[in-house]
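A short worksheet on the structure shown next.
In listed order, ligands and their atoms are each counted from 1.
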Amino acid sequence: MVWSERQRAMLEVMGLRVWSAPAAAEPDVAAAAVADEAVPSAPAARPPAQADATAPMPVVNRRPMPAAQPIAAPVAAPGAVNAAGLDWPALREAVASCTACALSDSRTQTVFGTGHPQAHWMIVGEAPGEAEDLSGEPFVGRSGQLLDNMLRAIGLSRHAGDTPDPAKQVFIANTLKCRPPRNRNPLPDELARCEGFLIRQIELVRPKIILAMGSFAVQSLLRSNAPVGQLRGRVHSYQGVPLIVTYHPAYLLRQLSEKARAWDDLCLALDTVEAASATAARD
Ligand code: URA
């Protein structure tokens, strides 16, 4: 396989070493990933300068996207907070003052989510960790740095200042808005109660695509306990919005060999968005 510039940029950013094989040879990405070093503990804020720095960042969503349709509200889990109908400021306030579960006792602050309120891409992670609990922002630790690098590789950003175009923006949210003590897994009751907030965030953003990162996002959005490895690789639907399942960045930091699959998932998401855009432009 001969890698395109876009593919190379993405592989490099995700910490996969790309070697220049003869055109006829097929690089073994998984093996390369295993042999490679981990993503540096403090990855560069920008894509690595030495890694094909001349490659243009991929440009996605070249065509105008169709007007956003309202998302039909799913049935919230029993016990979920009721955030139906709240606008952004009211939703923020409801999250900040939430005491629906015991996590409110141990949190430093809630972590609402961040990004363009009409971003075309929505990313759903698990729960804040220590760095997020302290800063109030999602994905600011090591896994957040990897996530930002991955997003940058496909021309996306969580920072409105990078581009005003919502097609290139992501909104990042978690299934839980409070840090579980010692970063333990979210409990079913916590997920159920917090779900009302995530449901309303998705309704307000009305994304064109959702990336569910890790098993708790999958449980919440798809009501499935199947492993991520079984659900990834195809397009699911959340209330009519295409949803791609992929590995959580924290898992990718531990399982280097899965980065190639995560890269495939990003490509599938890109293809899905572009296909939807092309269909809408034709109709
Ligand atoms: N992991 C998550 O799932 N979310 C965060 O915000 C940080 C780490």
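- Side chain of Glu132 to backbone of Gly141: a donor-acceptor contact under 3.5 angstrom is found.
- Near Pro138, the atoms of ligand 1 lying under 4.0 angstrom from a non-hydrogen atom of the residue are 6 (O).
- Under the 4.0 Å criterion applied to side-chain N and carboxylate O atoms, Arg232 and Glu258 are not assigned as salt-bridge partners.
- The shortest N or O to N or O distance between Pro128 and ligand 1 is not under 3.5 Å.
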Worked check of side-chain contact (heavy atoms from CB on, under 4.5 Å) between Tyr251 and Thr246: CA-CA 10 Å; Tyr251 175 76; Thr246 192; over 6 Å; no
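- Assignment of Ala127 to the shell around ligand 1 is supported, since a heavy atom sits closer than 4.0 Å.
- Ion pairing between Asp189 and Arg193 holds under the 4.0 Å rule for side-chain N and carboxylate O.
- The distance from ligand 1 to the heavy atoms of His248 drops below 4.0 Å at these ligand atoms: 1 (N), 2 (C), 3 (O).
- Ring-plane geometry between Phe112 and Trp88 is classed as perpendicular, the angle between the planes exceeding 60 degrees on a 0 to 90 degree scale with a lower cut at 30.
- Those atoms of ligand 1 with a heavy atom of Glu126 less than 4.0 angstrom away are 2 (C), 3 (O).
- Less than 4.0 angstrom separates some heavy atom of Gly125 from each of these atoms of ligand 1: 3 (O).
- Annotation: atom 4 (N) of ligand 1 to nearest protein heavy atom, Asn174 OD1, 2.8 Å.
- Shown are Val205, Ile210, Ile154; of these, the side-chain contact (heavy atoms from CB on, under 4.5 Å) with Trp121 is made only by Ile154.
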